[in-house]
Chemist: 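This is the structure I want to talk about, given as structure tokens.
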Amino acid sequence: MKQSETPSALTILFGATGDLAKRKLYPSLYRLYRKGHLSSGFAVIGTARRPWDNDVFREHVKKSIMDSSSIHDKIDEFISHFYYLPHDVSDSDSYAALRTLSNELDEKYSLGGNRLFYLAMAPEFFGTIADHLKLDGLTDTNGFGRLVIEKPFGHDLPSAQELNAQIRRSFDEKDIYRIDHYLGKEMVQNIEAIRFANALFEPLWNNRYISNIQITSSETLGVEERGGYYETSGALKDMVQNHMLQMVSLLAMEPPISLQDDEIRREKVRAFRSMRPLKPETVNDYFVRGQYGPNEDEQLPGYREELNVNPESNTETYVAGKIMFDNFRWAGVPFYIRTGKRMPLKSTKIVVQFKDIPMNLYYRPDDKEMEPNLLVIHIQPEEGITLHLNAKRAGHQLQTTPVKLSYANSGVDIMNTPEAYEKLIHDAMRGDSTNFTHWDEVSLSWSFIDVISEAWRNEKAEFPNYPANTKGPKASDELLEQDGFFWWPLNMLDVDICN
Ligand SMILES: NC(=O)C1=CN([C@@H]2O[C@H](COP(=O)(O)OP(=O)(O)OC[C@H]3O[C@@H](n4cnc5c(N)ncnc54)[C@H](OP(=O)(O)O)[C@@H]3O)[C@@H](O)[C@H]2O)C=CC1
Ligand SMILES: O=C1O[C@H](COP(=O)(O)O)[C@@H](O)[C@H](O)[C@H]1O
């Protein structure tokens with residue numbers, strides 16, 4: 001199948017009236033349609049409890065697209081493929097109506113029985129829906145039946161195992177597409193290309209040449225109206241268990257023998273397996289946490305004042321950690337991660353810091369030490385790569401000056417860069433599961449995280465410990481200082497955009 005060719009399919013979207021569908025899924029489907037990446041044989045059934053009809057639903061889809069983009073060509077043609085069925089997922093009777101409508105649309109659009117079941121709903125419904133899809137014959141067609149599920153996949157290892165067992169009653173692992181939207185981001189997908197398509201990097205990608213790797217994902221927003229969910233999650237489960245560990249595994253894995261999904265997955269799983277497990281008594285040596293307090297100057301509330309948050313909440317909104325790999329490639333190289341809400345900057349970056357050269361022949365005019373070489377991967381909002389080098393200072397024989405070699409997606413490229421969800425939906429339709437998380441990765445990442453969350457649950461934190469709109473708790477800096485490193489300031493690392 002060509003890269004952009006997508007088989008005809010029916011998408012059945014559970015949670016069609018929800019926030020994710022409105023903000024991400026409809027605009028992504030529309031972009032795929034406009035780019036010609038959706039087969040003309042496509043139809044979408046949206047379901048939720050609200051008593052909408054096709055017209056109300058189509059207007060809702062249209063509005064979500066109008067709100068997200070200024071380009072609206074063929075929008076009426078696009079929304080004519082959308083159908084709505086009021087449906088309570090816990091009511092067994094309403095699956096029959098869903099099956100009837102699915103079969104009708106299958107015939108009307110010649111969809112060949114291909115079905116994508118997209119669960120954009122709270123995870124407690126996943127098991128029930130998966131059971132019904134099978135028992136009520138919705139998966140019983142001649143085409144493919146794929147289940148796309150949103151995070152969170154459980155809240156610890158036992159709950160993830162239970163959820164997995166539930167959905168595996170109805171779907172094979174190969175038909176389960178667990179979304180981690182960071183894996184749909186252009187520059188996260190670029191990690192493999194940077195490593196495996198450049199003679200320059202792979203020979204240096206080990207503990208002989210790299211001193212440490214830093215991954216930061218900072219957000220300016222607070223918890224917004226998601227306090228209820230966030231109270232049960234915190235930054236550790238919301239960001240570290242999935243997005244941050246996924247980026248770590250892509251950076252740490254061995255080269256796969258091909259870019260086939262199974263081969264990449266095998267190497268990622270091996271990377272997860274070689275992460276040094278923590279013990280309850282060592283957790284605080286490796287991981288630190290924070291919670292934002294109010295910032296009166298900027299009139300920003302503290303986390304404990306947010307909607308649906310316990311005024312004495314012990315939930316962390318910031319995590320920094322050090323991950324060690326006990327394998328030949330990475331022994332001794334810390335992978336530092338940090339993520340937090342209400343930081344001064346919205347930014348996700350990876351900094352690969354190389355070791356110093358063995359002997360210094362040059363000096364800097366200000367007597368500062370020469371800076372180490374850095375490879376910076378800009379994930380968002382800018383997308384690009386910067387290599388920080390030292391070059392001779394013009395006119396000075398022995399002096400160096402830091403220089404940057406930057407590649408940034410230009411304005412046109414950025415406009416054409418597919419949204420993470422757009423790519424992932426397209427992949428799921430084409431049956432490419434490379435950028436989805438396999439069960440083994442999910443279970444290994446929960447095993448790692450559970451020790452930390454258990455230790456933190458048993459120990460009350462001194463919260464709040466950073467004011468909103470500041471760079472996080474002091475303990476985060478100390479985590480690196482004790483190893484002789486520091487967090488590279490994100491604003492110093494900006495990519496130079498060249499058009
Ligand atoms: N929003 C986001 O940015 C992100 C969300 N996610 C995940 O996506 C999933 C959906 O999130 P989000 O869209 O924000 O959630 P919302 O609460 O906005 O939407 C939930 C949806 O489920 C429907 N629903 C609830 N109960 C039932 C029921 N018994 N039967 C049928 N439909 C029901 C609701 O519709 P109605 O009330 O009409 O029944 C609504 O359409 C969650 O797993 C979340 O963790 C993941 C990443 C980001
Ligand atoms: O999954 C999540 O991710 C977002 C951050 O995503 P980004 O693409 O904007 O970096 C985070 O805000 C949210 O809490 C979390 O659930």
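Since this is a predicted model, take the numbers as computed values, not measurements. We number each residue from 1, following the sequence as shown.
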Chemist: What's the verdict on side-chain hydrogen bond (donor to acceptor under 3.5 Å, both in side chains) for Gln189 and Lys423, showing C-alpha distance, side-chain angles and the deciding distance?
Modeler: CA-CA 11 Å; Gln189 296 190 354; Lys423 281 203 210 187; 3.1 Å; yes
Chemist: Between CD of Glu419 and NZ of Lys24, what distance do you get to the nearest 0.5 Å?
Modeler: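 Taking CD in Glu419 and NZ in Lys24, the distance rounds to 4.0 Å.
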Chemist: Is there side-chain contact between Pro152 and Pro123, with at least one heavy-atom pair below 4.5 Å?
Modeler: yes
Chemist: Phe153 vs Ile167, test: side-chain contact (heavy atoms from CB on, under 4.5 Å). Steps then yes/no.
Modeler: CA-CA 11 Å; Phe153 199 86; Ile167 59 177; 3.8 Å; yes
Chemist: Do other residues, nucleotides or ligands put more than 12 heavy atoms under 6.0 Å from Glu369 CD?
Modeler: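 Incorrect, the count does not exceed 12.
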Chemist: Checking Thr386 side chain against Val376 main chain: does a donor-acceptor pair fall under 3.5 Å?
Modeler: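 It does not hold such a pair.
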Chemist: Give me the atom names and distance for the closest heavy-atom approach of Tyr318 to Ser476.
Modeler: OH-OG, 2.7 Å
Chemist: Classify the angle between the aromatic ring planes of His181 and Tyr421 as parallel (below 30°), tilted (30 to 60°) or perpendicular (above 60°).
Modeler: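 Rings of His181 and Tyr421: parallel, under 30°.
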Chemist: Using modelled atom types only, decide if a donor and an acceptor are shared between the side chain of Asn360 and the backbone of Ile357 within a distance under 3.5 Å.
Modeler: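 No.
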Chemist: Does Lys74 use its side chain to pair, donor to acceptor, with the backbone of Tyr30 at less than 3.5 Å?
Modeler: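 A pair under 3.5 Å: no.
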Chemist: Grab the two heavy atoms, one from Leu405 and one from Leu389, that are nearest each other, plus how far apart they are.
Modeler: CD1-CD1, 3.7 Å
Chemist: If you take all heavy atoms of Tyr292 and Lys341, which pair is closest and at what distance?
Modeler: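 So the minimum-distance heavy-atom pair works out to CD2-O, 3.9 Å.
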Chemist: State, yes or no, whether a side-chain contact exists between Trp439 and Arg178 at a heavy-atom distance under 4.5 Å.
Modeler: yes
Chemist: To check you understand the geometry: which heavy-atom pair defines the closest contact between Glu459 and Asn284, and what is its length?
Modeler: OE2-ND2, 3.2 Å
Chemist: Does CD in Glu281 sit with more than 12 non-hydrogen atoms of other residues, nucleotides or ligands closer than 6.0 Å?
Modeler: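 It does: Glu281 CD has more than 12 such atoms within range.
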Chemist: For a side-chain contact (heavy atoms from CB on, under 4.5 Å) check, start with the C-alpha distance between His243 and Lys151, then their side-chain angles and the critical distance, and finish with the verdict.
Modeler: CA-CA 10 Å; His243 312 319; Lys151 60 166 276 214; 3.9 Å; yes
Chemist: Under 4.0 Å between a Lys/Arg side-chain N and an Asp/Glu carboxylate O for Glu202 and Arg329?
Modeler: yes
Chemist: Do the side chains of Asn190 and Ile377 get nearer than 4.5 Å, heavy atoms only?
Modeler: no
Chemist: Any donor-acceptor pair under 3.5 Å linking the side-chain atoms of Glu298 with those of Asn469?
Modeler: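 Asn469 vs Glu298: donor-acceptor pair found between side chains.
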Chemist: Between Asp432 (side chain) and Asp427 (backbone), is there a donor-acceptor pair under 3.5 Å?
Modeler: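 Flag not set: sc Asp432 to bb Asp427 has no pair under 3.5 Å.
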Chemist: Going through the checks in order, is the salt bridge (charged side-chain N to carboxylate O under 4.0 Å, His left out) test met by Asp477 and Lys474?
Modeler: CA-CA 5 Å; Asp477 291 335; Lys474 210 162 140 268; over 6 Å; no
Chemist: Decide yes or no on side-chain hydrogen bond (donor to acceptor under 3.5 Å, both in side chains) for Tyr303 and Glu231, but give the supporting numbers first.
Modeler: CA-CA 10 Å; Tyr303 175 69; Glu231 276 288 89; 2.6 Å; yes
Chemist: Inspect the surroundings of CZ in Arg195 and state if more than 12 heavy atoms from other residues, nucleotides or ligands are less than 6.0 Å away.
Modeler: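 Count over threshold, so yes.
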Chemist: Please step through side-chain contact (heavy atoms from CB on, under 4.5 Å) for the pair Asp175 and Phe144, ending with a clear verdict.
Modeler: CA-CA 8 Å; Asp175 293 320; Phe144 63 69; 5.6 Å; no
Chemist: Mind checking what makes side chain to side chain donor-acceptor pair (under 3.5 Å) contact with Gln260, not counting sequence neighbours?
Modeler: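 Counting only residues at least two positions away or on another chain, Gln260 forms no side chain to side chain donor-acceptor pair (under 3.5 Å).
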Chemist: Under 3.5 Å, is there a donor-acceptor pair between the side chain of Ser159 and the main chain of His155?
Modeler: yes
Chemist: Could you tell me whether the side chain of Leu147 reaches within less than 4.5 Å of the side chain of Ile149, counting heavy atoms only?
Modeler: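 Yes, side chains in contact.
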Chemist: Between the side chains of Arg273 and Asp440, is the shortest nitrogen-to-carboxylate-oxygen separation below 4.0 Å, so that they form an ion pair?
Modeler: no
Chemist: Salt bridge (charged side-chain N to carboxylate O under 4.0 Å, His left out) with Glu422: which of Arg34, Lys185, Arg31?
Modeler: Arg31
Chemist: Run Thr6 and Arg430 through side-chain hydrogen bond (donor to acceptor under 3.5 Å, both in side chains) and show every step you take.
Modeler: CA-CA 5 Å; Thr6 315; Arg430 291 183 305 118; 5.5 Å; no
Chemist: Under 3.5 Å, side chain of Tyr230 to main-chain N/O of Ala235, donor-acceptor pair present?
Modeler: yes
Chemist: Parallel, tilted or perpendicular: which one describes the rings of Phe486 and Trp488, with boundaries at 30° and 60°?
Modeler: tilted
Chemist: For Thr400 and Asn390: C-alpha separation, side-chain torsions, deciding distance, then whether side-chain hydrogen bond (donor to acceptor under 3.5 Å, both in side chains) applies.
Modeler: CA-CA 6 Å; Thr400 61; Asn390 294 301; 4.6 Å; no
Chemist: Going by heavy atoms in the side chains, are Tyr26 and Leu13 under 4.5 Å from each other?
Modeler: yes
Chemist: Provide the full list of salt bridge (Lys or Arg N to Asp or Glu O under 4.0 Å) pairs with a residue in residues 387-403, sequence neighbours left out, each pair given once.
Modeler: none
Chemist: Less than 6.0 angstrom separating the ring centers of Tyr33 and Phe42, yes or no?
Modeler: yes
Chemist: Rounded to the nearest 0.5 Å, what's the gap from CG on Leu236 to CE on Met244? Could you check?
Modeler: 11.0 Å
Chemist: To the closest 0.5 Å, what do you measure between CE (Met324) and CE (Met275)?
Modeler: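 Going from CE on Met324 over to CE on Met275, the span is 12.5 Å.
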Chemist: Would you check if Leu183 and Leu250 make a side-chain contact, meaning some heavy-atom pair closer than 4.5 Å?
Modeler: yes
Chemist: Tell me whether Lys346 at atom NZ has more than 12 heavy atoms from other residues, nucleotides or ligands lying less than 6.0 Å away.
Modeler: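 Enclosed.
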Chemist: Nearest 0.5 Å, please: how far is NZ in Lys349 from OG in Ser217?
Modeler: 11.0 Å
Chemist: So, Asn373 side chain and Leu387 main chain: donor-acceptor pair closer than 3.5 Å or not?
Modeler: no
Chemist: Identify the two heavy atoms, one from Phe485 and one from Pro334, that lie closest to each other, and give their separation to 0.1 Å.
Modeler: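 Between these two residues, the closest heavy atoms are CE1-CG, 4.0 Å.
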Chemist: Under 30°, 30 to 60°, or over 60°: which ring-plane class applies to Phe325 and Phe335, parallel, tilted or perpendicular?
Modeler: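 The arrangement is perpendicular - the two ring planes meet at more than 60°.
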Chemist: Roughly how far, to the nearest 0.5 Å, is CD1 of Ile179 from CD of Glu150?
Modeler: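 Here the interatomic distance stands at 5.0 Å.
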Chemist: Would you check if the side chain of Trp330 reaches a backbone N or O of Ala252 as a donor-acceptor pair within less than 3.5 Å?
Modeler: yes
Chemist: Rounded to the nearest 0.5 Å, how far apart are NE2 of His37 and OG of Ser28?
Modeler: 13.5 Å
Chemist: Do the side chain of Asn242 and the main chain of Lys237 share a donor and acceptor less than 3.5 angstrom apart?
Modeler: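 Indeed, once roles are kept as given, a pair shorter than 3.5 Å links the two residues.
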Chemist: Taking the side chain as C-beta and beyond, is there a heavy-atom pair between Leu251 and Trp205 under 4.5 Å?
Modeler: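 Answer yes - side chains close enough.
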Chemist: Got a sec: does the OH of Tyr362 have more than 12 other heavy atoms crowding it under 6.0 Å?
Modeler: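 Atom OH in Tyr362 is not crowded, with 12 or fewer foreign heavy atoms closer than 6.0 Å.
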Chemist: Is a side-chain donor or acceptor of Asn198 paired with a backbone partner of Phe201 at a separation under 3.5 angstrom?
Modeler: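 Pair absent, no side-chain N/O of Asn198 close to backbone of Phe201.
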Chemist: Can you tell if the side chain of Lys322 reaches within under 4.5 Å of the side chain of Asn212, non-hydrogen atoms only?
Modeler: no
Chemist: So which atom in Asp156 and which in Trp446 form the shortest heavy-atom distance, rounded to 0.1 Å?
Modeler: CA-CE3, 3.7 Å
